[in-house]
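Below is one structure; the comments refer to it alone.
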Amino acid sequence: MNGFDKIPEERKRRLDELFEAFSVIGDDTYVYLCDMQYDFSRWSKVLTDAFGLPGEYMYGAGAIWEEHIHPEDRNAFHRGIDDIFSGRSGGHDMQYRARRKNGEYDVCTCRGIVIKDVSGQPEYFGGAIRNHSQQSHIDRLTGLRNQYGFFEDIQSHIDNRIPMRVCLIGISKFAEINELYGYAAGNSVLQGVGRYLMDHVGNRGGTFRMDGSKFAIITETQTYEDMERTYEGLRAHFREGIKLGDEYAPLELHAGTFAVDDFTTDDQTVYSCLTYAYDESKFNKQGDIVEFCNNLRTDNIKSTAKLHSIRNSINNEFDGFYLLYQPVVDAKTEKLIGAEALLRWKNDKYGMVPPDEFIPVLEKDPLFPVLGEWILHKAMTDAKKIQEILPDFIINVNLSYAQLERPDFTDSIWNIVKNTGFDPQKLCLEITERCRLLDMKLLNNVMTTLRAGGVHIALDDFGTGFSSIGLLKNLPFDTIKVDRGFVQKIEEDEKERRLINNFTDAAGIFGSDVCVEGIETSGMRNILKDMSIHSFQGYFYSKPVEVGTIISGLKSESGEMCFKNP
């Protein structure tokens with residue numbers, strides 16, 4: 001809003017007095033107050049700092065704040081402000097997404113009222129914005145600082161270049177405690193663990209209640225060995241049991257830890273690394289503490305710096321990300337029938353960083369689903385170019401279990417299919433055995449819904465874990481992709497040949513096709529061609545290439561391209 005007069009000092013003092021009154025009762029919210037005659041406002045400093053606003057005092061604050069509102073929510077916000085300043089409305093109560101200084105959006109609820117003067121004219125417009133992502137920094141159940149306080153403290157250490165060690169600790173099978181003893185008992189357990197942490201760790205670092213049954217520690221003094229001893233003491237104590245009524249319930253823990261001495265990162269990247277170590281403890285190390293090590297180095301540059309750059313690339317319109325495509329050929333004709341989309345990232349500082357160095361860590365990052373959608377959109381768009389020459393070409397795209405567990409996952413797939421105009425029958429989504437971490441009923445419903453819409457589903461890396469046959473038995477897969485590790489010695493090892501035959505027999509029982517990965521020699525190809533295998537993939541046919549390379553090859557062969565090496 002332009003053309004407003006400068007507010008007199010007396011009016012500004014009055015605004016400050018009212019603002020302080022609002023702030024007293026505005027617990028857990030961001031307070032704002034506007035003098036409508038001068039369109040001059042005072043806003044909570046916590047909010048202005050978090051969202052990158054010019055300052056506590058602003059002229060035309062509504063227009064400034066509108067620029068931070070998500071584009072899809074902006075029109076509704078604009079209409080609401082216009083209604084207030086035009087006198088058509090006496091207040092508003094709305095929810096929208098607002099962009100923080102780091103580019104991420106928080107869901108906010110904004111409630112405000114118009115205060116009229118003695119003559120009945122609008123004089124002030126004030127209220128509170130509740131940020132559903134930040135709110136209070138105190139967990140009301142345990143009295144510890146909560147996860148928002150944790151992230152704030154992490155970022156403060158980074159900003160002030162203070163080395164620290166962080167540790168994430170969780171209670172195993174906590175849901176069973178709720179089922180056996182009730183939610184009141186579950187809350188009692190969380191309170192007991194929180195109190196014990198405060199009593200036994202609080203003098204060596206900060207303690208936090210995170211989401212669910214997780215707790216965290218931030219310390220400036222403990223080494224890995226110190227933290228390991230601290231954690232083993234916690235495990236020993238809680239294995240003896242925590243009192244629930246007349247019983248003692250033993251608790252098992254799992255934990256990940258991480259030393260932060262690289263300050264070219266941020267709180268979210270730190271948490272992604274910490275969560276990766278935590279999951280390793282939970283799923284692969286029987287609860288032993290796992291340290292995330294900065295040992296993924298290029299010219300001695302630590303992995304957290306790389307991860308921070310990669311994570312920022314997602315916010316920066318996916319700068320540095322690109323896709324390569326490894327062809328899939330028909331096992332009998334050896335002609336191209338599809339390709340697997342493979343994610344890559346590079347920049348001038350770090351060069352090309354292999355995906356296995358960042359995908360496992362970023363899988364649980366809040367930004368990862370956004371990257372997943374970009375991969376799907378890019379892969380479908382590129383595949384349509386190939387389908388202009390080879391109409392039956394199928395594109396394979398890998399999925400993370402973190403994508404599959406999102407309640408809006410199938411909706412996002414259909415939206416991308418619609419936006420790209422892609423035929424869903426030419427899309428194959430690959431999932432790995434890690435999907436066993438998900439609720440099987442949920443996963444079955446997702447797969448059934450996608451297949452009903454024409455999408456194919458493949459089980460990648462078949463045979464590498466203990467759950468492959470169980471997953472094939474219980475879930476509707478169209479294809480199983482046999483991992484390259486099972487065919488590397490197939491030319492000289494009879495056991496490998498028999499194992500592949502067993503895999504194809506198992507797939508046949510459940511109506512699934514077989515694709516064998518890792519074909520590198522003509523000898524491997526010749527042996528496997530005599531088996532009941534649908535398709536091949538490997539360096540014998542092609543390394544991962546750009547989409548233009550596939551298109552050029554197809555054009556040169558008039559649509560009859562065979563991707564077999566000479």
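We number each residue from 1, following the sequence as shown.
- Residues satisfying the side chain to side chain donor-acceptor pair (under 3.5 Å) test with Glu405, not counting sequence neighbours, are none.
- Partners of Asp330 by salt bridge (Lys or Arg N to Asp or Glu O under 4.0 Å), not counting sequence neighbours: none found.
- Scanning for salt bridge (Lys or Arg N to Asp or Glu O under 4.0 Å) contacts around Arg229 gives Asp226, with sequence neighbours left out.
- Inter-residue side-chain proximity for Gln387 and Lys426 is flagged as met; some heavy-atom pair is nearer than 4.5 Å.
- Residues passing the side chain to side chain donor-acceptor pair (under 3.5 Å) test with Arg497 are Glu494, sequence neighbours excluded.
- Residues forming a salt bridge (Lys or Arg N to Asp or Glu O under 4.0 Å) with Lys282 (at least two apart in sequence, or on another chain): none.
- A salt bridge links Arg525 with Glu334: the distance from a Lys NZ or Arg NE/NH1/NH2 to an Asp or Glu carboxylate oxygen falls below 4.0 Å.
- Each ring pair (Phe, Tyr, Trp, His ring centres under 6.0 Å) pair with one or both residues in residues 374-393, not counting sequence neighbours, appears once here: Phe318-Trp374.
- The salt bridge (Lys or Arg N to Asp or Glu O under 4.0 Å) with Arg484 is formed by just one residue from the set Glu496, Glu517, Glu520; it is Glu520.
- Here Lys481 does not pair with Asp461 in a salt bridge; the nearest charged N to carboxylate O distance is not below 4.0 Å.
- Lys346 forms a cation-pi arrangement with Tyr322, by the criterion of a distance under 6.0 Å to the ring centre and an angle within 45° of the ring axis.
- Stacking of Arg97 on the aromatic ring of Tyr105 is not recorded, the 6.0 Å distance cut-off and the 45° axial limit not both being met.
- Ion pair Glu220/Arg161 not flagged as a salt bridge, since none of the NZ, NE, NH1 or NH2 atoms sits closer than 4.0 Å to an Asp/Glu carboxylate oxygen.
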